[in-house]
Novice: 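This is the structure I want to talk about, given as structure tokens.
Per chain, numbering begins at 1; letters A, B, ... match sequence-line order.
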Amino acid sequence: MNEIRLHNTLSGKTEPFTPQTPGEVKMYTCGPTVYDYAHIGNFRTFIFQDILRRFLKLRGFKMNHVMNLTDVDDRIIANAAAQKVGIREYTEKYAQAFFADCKTLNVEAPEYWVRATDHIPEMVQLIERLQKKSFTYPTEGSIYYRIAKFPQYGKLSKVDLTGIQAGARVDNDRYEKESARDFALWKAPKEGEHFWETEIGAGRPGWHIECSAMAMKYLGDTLDIHTGGIDLAFPHHENEIAQSEGATGKPFSRYWLHAEHLLVEGEKMSKSLGNFYTLRDLFAKGYKPSSLRYALSSVPYRGKLNFTFDGLQQAASSVERLRTFSDRLKQGKFPTGSNPAMAASIAKAANDFDAGLSDDLNTAVALAAMYDFVREGNIAMDKGEFKQDEVASAQKFLADFDRVFAVIQDDDAVKLKALGFGASEGELSDEEVEKLITERNAARARRDFATGDRVRKELADHGIILEDSRDGSVRWKRK
RNA sequence: GGCGCGGUACCCAAGUGGUAAGGGAGAGGUCUGCAAAACCUUUAUGCGUGGGUUCGAUUCCCACCCGCGCCUCCA
């Protein structure tokens, strides 16, 4: 067990991680705004936080993890109005799609999924607390946060407020603010917009207040870890800090972790460049969920990830290598006895794996540890030197690996089918495959290789790959 | 302009003051009836460029070039 170290945006340093309560981690993740399907950039961040929570769980921590769905904002209000449906109805579709996408990518459900619109009273209460402490001021029915009252503002993102003039308008907000950086806690209703009637007036919440209110409701005043995409550090997280710490006077989160963005083919992903992808776009092109998960998790979270289709293909090959080895371990017949060298190799790999992830989730190093073991394991198996006594510990290591990376277990076809992909016509059933393999074996037994190869070709045309092994048995898999 | 990130082989990518992990791809080979899988060899005397510090730098310092992000909604 290596010391877990995480890079804290707050300090700008990589620090040893210890939760407030031993053995238990209070974590909050800024989830998606459900106004559309989530894209691969979103999932880079969500897979990062998933790997973090999975690793912490592997290390024995009990997770108390909250993830929100922002289901009220300008885009949602505008889109729902355009479609003449309520915002709940509008967002429900995308919320369900998001859950399905998470499931498809093996992004674990947090302990709590929370929605902004289910927590209006909590937000109102928090705003009232801030009002009592003079952190707010009203303007034309809206309520703003007075940043001048919170001197530490900027400590997370290191923004420098000098030069921002009071009263300046830096956006097209039509309400008057005392200072340009002041932000809305509560927005007065606009004509025809959805609004809530509350103790602090009619209106709807500003964007930042939901996270403060929900995080503190479920996790208490001080969280252990708060995660999100790098773009959220400012202003979203900075504002969360201002709101929460303004109200409680206590640190809001002890560690802040931010995932870098991804690029697509070296460029910023954007709809206008035509390089904007949702999961469904990729699955429709025939890529597998496991390939995407691998591609998005193999580059450590703090660096930019250049997403390319070539990279997706490479990821598919890498996953295949792991799966082939895993199958070999499962199906192989190993000689009795033990092999101390192999036992040592497994132990070293397991430790290197843990050391990699412990070092601020260095997934590249963790993967390298696995591949080192795969190579050594294959060599030993080829020589018949992989013994029964090591099977259990090897499988344990693979299982632990997959508790974090979650790519070895092969259920891509099932996942795709659930989303309505795959299941291409002409797909062979397992029985049909087995029948053809039997046919081929018979042909090979009488050294009729022409027939045997014809059957193999037929199977290949249906996406079935055969592997003849030395003992005469045949392994097969779907491409 | 302010703050920040990055530039390592064909591609992805880790990394350290002492001479470059791992994966993918290509080439050759072993095994195989042939494949597939696996394994072996091979592909950076060099880690954006130019200086400096040092016995020694890819790793530290300075300058410069290039790409990118945030500063306004954004994972």
Novice: For B/G4 and A/Ser157 - does any side-chain N or O of the residue sit under 4.0 Å from the phosphate oxygens OP1/OP2?
Specialist: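 Result: no.
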Novice: Rounded off to whole Å, could you give me the CG-to-P distance for the A/Leu232 and B/U72 pair?
Specialist: 14 Å
Novice: Tell me what A/His258 touches on the nucleic acid: a base, only sugar-phosphate, or nothing, going by heavy atoms under 4.0 Å.
Specialist: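 Counting heavy atoms under 4.0 Å across all strands, no contact is made by A/His258.
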Novice: Using a cut-off of 4.0 Å on non-hydrogen atoms, how would the nucleic acid contact of A/Asp74 be classed: base, sugar-phosphate, or nothing?
Specialist: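 No contact.
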Novice: A/Ile465 near the nucleic acid: base, sugar-phosphate alone, or nothing, with a heavy-atom cut-off under 4.0 Å?
Specialist: sugar-phosphate
Novice: Tell me whether the rings of A/Phe98 and A/Trp113 are parallel (<30°), tilted (30 to 60°) or perpendicular (>60°).
Specialist: perpendicular
Novice: Is the positively charged end of A/Lys285 above the ring of A/Tyr277, judged by distance under 6.0 angstrom from the centroid and angle within 45° of the axis?
Specialist: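 A/Lys285 over A/Tyr277 ring: no.
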Novice: Indicate, yes or no, whether a donor-acceptor pair under 3.5 Å links the base of B/C34 to the side chain of A/Asp468.
Specialist: yes
Novice: Considering every strand and a 4.0 Å limit on heavy-atom distances, what is the contact class for A/Leu262: base, sugar-phosphate, or nothing?
Specialist: base
Novice: Mind checking if A/Phe449 touches a base, just sugar-phosphate, or nothing, with heavy atoms under 4.0 Å?
Specialist: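 Base: the residue A/Phe449, judged by heavy atoms under 4.0 Å, touches a nucleobase.
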Novice: Across the strands shown, which category fits A/Lys268 at heavy-atom distances under 4.0 angstrom: base, sugar-phosphate, nothing?
Specialist: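 Sugar-phosphate: the residue A/Lys268, judged by heavy atoms under 4.0 Å, touches backbone atoms but no base.
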Novice: Take the protein atom CZ of A/Arg375 and the nucleotide atom C1' of B/A37, then report the distance between them rounded to whole Å.
Specialist: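 A/Arg375 atom CZ is separated from B/A37 atom C1' by 16 Å.
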Novice: Would you call the rings of A/Trp207 and A/His236 parallel, tilted or perpendicular, where under 30° means parallel and over 60° means perpendicular?
Specialist: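 A/Trp207 and A/His236: parallel rings.
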Novice: For A/Gly303 and A/Asn378, find the nucleotide of RNA chain B closest to each by heavy atoms; which residue's nucleotide sits nearer the 5' end?
Specialist: A/Gly303
Novice: What is the separation between atom CD on A/Glu467 and atom P on B/U32, rounded to the nearest whole Å?
Specialist: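 These atoms are roughly 17 Å apart.
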Novice: With a sphere of 6.0 Å drawn around CZ of A/Arg447, does it hold more than 12 non-hydrogen atoms of other residues, nucleotides or ligands?
Specialist: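 Result for CZ/A/Arg447: open.
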Novice: Looking at B/C11, does its base get a donor-acceptor pair with the side chain of A/Gln314 below 3.5 Å?
Specialist: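 Yes, a donor-acceptor pair under 3.5 Å.
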Novice: Starting at CG of A/Asn306 and ending at P of B/G23, how long is that distance when rounded to a whole Å?
Specialist: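 It is 21 Å, rounded to the nearest whole Å.
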Novice: Under 4.0 Å, counting only non-hydrogen atoms across every strand here, what does A/Asp453 touch: a base, just sugar-phosphate, or nothing?
Specialist: base
Novice: Ignoring backbone atoms, test whether A/Arg321 places a side-chain nitrogen or oxygen under 4.0 Å from the OP1 or OP2 oxygen of B/G22.
Specialist: no
Novice: With respect to the phosphate group of B/A37, does any side-chain polar atom (N or O) of A/Trp476 fall under 4.0 Å of OP1 or OP2?
Specialist: no
Novice: Within this structure, what is the CZ-to-P distance between A/Phe325 and B/A37, rounded to whole angstrom?
Specialist: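 So the CZ-P distance, A/Phe325 to B/A37, works out to 16 Å.
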Novice: What contact category does A/Arg323 fall into here, base, sugar-phosphate, or nothing, at under 4.0 angstrom with non-hydrogen atoms?
Specialist: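 The answer is nothing, as A/Arg323 stays clear of every strand by at least 4.0 Å.
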Novice: Suppose you measure atom P in B/C40 against the same atom in B/G50; what distance do you get, rounded to whole Å?
Specialist: 37 Å
Novice: CZ of A/Arg75 versus C1' of B/C74: gap in Å, rounded?
Specialist: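 Distance check: A/Arg75 CZ to B/C74 C1' gives 7 Å.
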Novice: Reckon A/Arg328 touches a base, only the sugar-phosphate, or nothing at all at heavy-atom distances under 4.0 Å?
Specialist: sugar-phosphate
Novice: Any strand is fair game: report the nucleotide pairing with B/C60 by Watson-Crick or G-U wobble, both distances under 3.5 Å, or none.
Specialist: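 Its partner is B/G52.
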Novice: Heavy atoms under 4.0 Å, any strand shown: does A/Gly311 hit a base, just sugar-phosphate, or nothing?
Specialist: nothing
Novice: Please check the phosphate of B/G15 (OP1 and OP2 only) for any side-chain N or O of A/Asn362 closer than 4.0 Å.
Specialist: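 Looking at the OP1 and OP2 atoms of B/G15, one of them is under 4.0 Å from a side-chain N or O of A/Asn362.
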Novice: Check whether the side chain of A/Arg456 and the base of B/A35 form a donor-acceptor pair under 3.5 Å.
Specialist: yes
Novice: Answer with yes or no after comparing the ring centroid distance for A/His119 and A/Tyr218 against a 6.0 Å cut-off, counting only values under it.
Specialist: yes
Novice: Considering every strand and a 4.0 Å limit on heavy-atom distances, what is the contact class for A/Pro32: base, sugar-phosphate, or nothing?
Specialist: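 Nothing: the residue A/Pro32, judged by heavy atoms under 4.0 Å, touches no strand.
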